[in-house]
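Here the structure is laid out as structure tokens; the discussion comes afterwards.
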Amino acid sequence: MSERLTLTAYIRHFIYRNADNGYGVATLVPADAVSDGAFPDDEEIEITAVGTLRGCDVGDLIEVTGTTTVHPAYGEQIRIESFRVIPPTDAVSAERYLASGAIKGIGEKLAHRIVRKFGDDTFRVMEEEPERLAELKGISERMAMEIGGQIREKKRERETEIFLQEIGITGQTAVRVIRTYGADTCRIIRENPYRLAAEIEGIGFHTADEIAVRMGIEASAEFRVESGICYALVEAAVSGHSFLPHGELLEKTRELLGLTDTPEIRELLESRLAALAIEHSVVIRSDEVYLEKYHYEEQAIAGMLADLHRPESVEQVSPEELEAVQQSLDIELDDMQKEAVSRSLSSGVLILTGGPGTGKTTTMGAILQIFENRGMTFVLAAPTGRAAKRMTETTGYEARTIHRLLEVSAAPQQDGQETLTGSRARFSRNRDNPLEADAVIIDEMSMVDMHLFYSLLRACVPGMHLILIGDDAQLPSVGTGQVLHDLIVSGSYPVVQLTRIFRQATQSDIVMNAHRVLAGEPLALDNKSRDFFFLAREDPADIRGLLVLLIRDKLPPYVHAEPQDIQVLVPMRRGPLGAISLNKALQSALNPPSPKKKEWQQGERIWRVGDKVMQTKNDYNAVWEVHGRNGIVIDHGEGIFNGDLGKIVDIDRVSQEVTILFDENRRVCVPFSSMEDVDHAFAMTIHKAQGSEYPAVILPLLGGPRMLLNRNLLYTAITRAKSAVVLTGSREVIREMAENTEEMKRHTGLADRIREIR
């Protein structure tokens, strides 16, 4: 049974230590068991402590608070919740600390000589008068000053740790803060604690606000209001908006800060918004308020597109050339497809859009054949690994993710390299090192957010052909903006919309029902189909049981796939049929615990070997490897991205890492601390499935917020399936969803910026 306790003990040695994140496994000796500066020989009194021990060294006296646990292999341990270092105050503890090797250049003999000379005053001398150490034979003035510098640095680290604990920041969050701010941590937080919300992963505005309250900052303090305004815009960007209307922004800020709606408060909000505009932190255009970076990106995108859409020469596809391509590929293009092929050469920017079964892939193949026949070079890319893989399979040409096309890395920034917002990643391909191709073709453009599109355009040069392919009826990008939609409604570039459903596609009820959704027509739910089914259920427990039956037994042989490949898609994360609840139920049924399976609990989540998982945030620093026979590394690289799917293949408690095999056999060792950016993926939201295709998709639909249950969401979910769709739940909910044309409006100005510049 676990017990919470506080213990004062010395660190005898470290069994394991990670210098990057501060995680450690240490052997402790209770302080009352140490006498005359010597550790006892009795190993039975030693205690193993596990957790963040950043800033500690062997020989340190610490006060640690934690919970006792019993590890199946390593026995009783203390799981560290918080700790503080107790500085040495006497000669005995000073000698023990110095003899531990904590200070570079000082061993046991030199430690004894230093303490014998300075006694209880040792640490004061080393910190305030380090030059006096040179009085000892064997210590030069330079060495003395270096020792003094180490002592002061370690004292600063300890003071920083204590300060962070006092304001409620501990564990991995404290590690991230120190890694970000370094020696300036305390100064930066004291000056403006709200920087934590904007710059530190895992600290939201409310947490930063609580810290500010502890530090005595008034509710109406000017920089609190300014931070609230900026954070409201950051939250809006996370929801897809590039700006907020003036009145909506001030109201959201007032609510966020918990301020009353009075003339004085309204005046305060207006004045701080004006101050932010003067500082260029925000940009105000009429009624639109932007964070500066989003306004800049919209303007830059408009300008770069205008440059691309002015080809040096206008080329045409001759009727004879078009006929030869059709014969070569054994296809027959309709008039709209022929127009798309022709415009691929005559336009600097071309948008090709259409629903499933309308021939986008066939058209793309004809365009690529024209390019190849003319000796033109081209590159293909898509937003996700799965979409890129499908693009490769359907065209026969290699396609990469946009990130890999732009050569993303986490290397230190060099001149000309572009920084990704909110990360340390860099795109090596940019205006100074552009892509080397005559044409760039991007598929699944509805998924591409504003920043990624901005970065792509920086790597394109005038004279290059940019072809953007996507389905505007699908959900917009998870990130900021609605790029494909804005490009189309701007009316500034040629758009070829394919509408004819080809005969072979009409044989698929997945395709036909997707188009019925778009047309507002009733779905065919009579179960006369070979690939589209409806199973009525009204109880969440019954639906959960049905999901297990379908995934484990029924669908795999029907669609010739593994259970791992069958995907449950849901409209939302929470609720009895939300992704969180279903993942727990499906994990328990499809990958139950076993003595043969390693597992690790992180808060309320249990990670287990065999679990289906998904990366939820871009990690540009992650190193992946592809192993061949006998474990030989045959490929390697950096970066795992939001939406990447994988399977847990190992959990190592000693190294504190989870090994995940992602798509394309990329093996990544994910630190325990980074598993916050991973979710179980037995079930996932429809938004997260964008750009992916699965052998079979199951959609449990039993109710939820009207704004989420709309036609756009249903259409996107249905079109994720290749061989089978199973709808289960309420027939009435499905009908209402198909009829609901309401969508959450995104505030974006890209279309206006494009119109302004052309």
Side-chain angles (χ1 to χ4, degrees), residues 239 475 478 533-555 563-594 597 599-617 642-648 658 660 675-690 692 694 696-710 713-714 716-718 720-721 725-734 736-737 744:
S239 298
L475 294 170
V478 174
F533 309 96
F534 171 67
L535 303 174
R537 298 289 189 279
E538 295 292 338
D539 182 74
D542 290 344
I543 291 176
R544 286 192 289 269
L546 176 64
L547 297 181
V548 173
L549 179 66
L550 290 170
I551 296 171
R552 188 173 56 197
D553 303 323
K554 300 297 185 181
L555 283 173
Q564 181 90 359
D565 299 321
I566 310 301
Q567 190 59 56
V568 177
L569 299 180
V570 294
M572 65 205 84
R573 283 181 54 80
R574 304 195 180 278
L577 292 177
I580 295 173
S581 176
L582 286 182
N583 271 316
K584 289 181 179 179
L586 294 174
Q587 180 197 36
S588 178
L590 300 174
N591 189 32
S594 164
K597 297 177 186 175
E599 63 177 50
W600 168 64
Q601 185 163 354
Q602 180 189 40
E604 296 183 358
R605 297 191 296 182
I606 296 175
W607 301 108
R608 185 175 297 135
V609 168
D611 280 350
K612 182 178 180 179
V613 296
M614 174 178 58
Q615 183 74 14
T616 61
K617 293 182 181 177
N642 185 0
D644 283 356
L645 287 178
K647 180 180 180 181
I648 294 179
V658 177
I660 300 176
M675 288 299 288
E676 297 171 354
D677 299 336
V678 178
D679 265 349
H680 285 104
F682 299 99
M684 71 174 71
T685 63
I686 297 168
H687 260 104
K688 287 292 186 182
Q690 286 177 270
S692 296
Y694 311 95
V697 164
I698 310 172
L699 300 172
L701 300 169
L702 202 56
R706 178 174 171 79
M707 186 58 71
L708 285 177
L709 299 179
N710 59 37
L713 202 73
L714 181 60
T716 301
I718 290 172
R720 297 308 90 206
V725 169
V726 180
L727 301 179
T728 182
S730 165
R731 187 185 298 268
E732 182 64 19
V733 168
I734 295 170
E736 291 176 354
M737 196 171 180
M744 187 176 293

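Just so it is clear, the structure is predicted and the values come from calculations on it, not from any experiment.
K617 contributes atom NZ, which lies 10.5 Å from atom CG of D679 (distance to the nearest 0.5 angstrom). Rounding to the nearest 0.5 angstrom, the gap separating the OG1 atom in T616 from the CE atom in M675 is 10.0 Å. M614 contributes atom CE, which lies 4.5 Å from atom CE of M684 (distance to the nearest 0.5 angstrom). Here the CD1-CG distance, from I686 to L475, works out to 7.0 Å after rounding to the nearest 0.5 Å. Here L645 contributes atom CG and Q615 contributes atom CD; the two are 10.5 Å apart, rounded to the nearest 0.5 Å. Considering CD of E736 and CG of L709, their distance stands at 8.5 Å, rounded to 0.5 Å.
In this structure, the side chain to side chain donor-acceptor pair (under 3.5 Å) partners of Q567, at least two apart in sequence or on a different chain, are K612. Scanning for salt bridge (Lys or Arg N to Asp or Glu O under 4.0 Å) contacts around D644 gives R666, with sequence neighbours left out. By the salt bridge (Lys or Arg N to Asp or Glu O under 4.0 Å) test, D565 pairs with no residue at all, sequence neighbours left out. Applying the side chain to side chain contact (heavy atoms under 4.5 Å, CB included) criterion to R731, with sequence neighbours excluded, gives L525, F534.
Between K597 and N591, some side-chain heavy-atom pair lies under the 4.5 Å cut-off. Side chains of I566 and L550 form no contact here, defined as non-hydrogen atoms less than 4.5 Å apart. In this structure, the side chains of L549 and K554 come closer than 4.5 Å at one or more pairs of heavy atoms.
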List the atom pairs, donor and acceptor, that lie under 3.5 Å between side-chain atoms in residues 577-590 and the rest of the protein, sequence neighbours left out.
unit_1: S581; atom_1: OG; unit_2: P576; atom_2: O; d: 3.3
unit_1: N583; atom_1: OD1; unit_2: F682; atom_2: N; d: 2.9
unit_1: N583; atom_1: OD1; unit_2: A683; atom_2: N; d: 2.9
unit_1: N583; atom_1: ND2; unit_2: A579; atom_2: O; d: 3.0
unit_1: N583; atom_1: ND2; unit_2: H680; atom_2: O; d: 3.1
unit_1: N583; atom_1: ND2; unit_2: A683; atom_2: O; d: 3.0
unit_1: Q587; atom_1: NE2; unit_2: I606; atom_2: O; d: 2.8
unit_1: Q587; atom_1: NE2; unit_2: D611; atom_2: OD1; d: 3.3
unit_1: Q587; atom_1: NE2; unit_2: D611; atom_2: OD2; d: 2.8
unit_1: Q587; atom_1: NE2; unit_2: H680; atom_2: NE2; d: 3.4

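The minimum heavy-atom distance linking P700 with V570 is given by the pair CG-CG1, 3.7 Å. The shortest non-hydrogen separation linking L701 to L714 is CD1-CD1, 4.2 Å. Closest non-hydrogen pair, G703 versus M572, comes out as O-CE, 3.6 Å. Residues I698 and L547 share a closest heavy-atom pair of CG2-CD2, 3.4 Å. Nearest approach of A717 to L699, heavy atoms of both residues: CB-CD2, 3.5 Å.
By the 6.0 Å contact criterion, CD on E604 is open, its count of non-hydrogen atoms from other residues, nucleotides or ligands being 12 or less.
Although no hydrogens or angles enter the test, the distance criterion places a donor-acceptor pair under 3.5 Å between the side chain of R720 and the main chain of S692. The backbone N or O of L535 lies less than 3.5 Å from a partner atom in the side chain of T728, making a donor-acceptor pair.
Listed by first then second residue, pairs satisfying side-chain hydrogen bond (donor to acceptor under 3.5 Å, both in side chains) with a partner in residues 534-551 number zero, not counting sequence neighbours.
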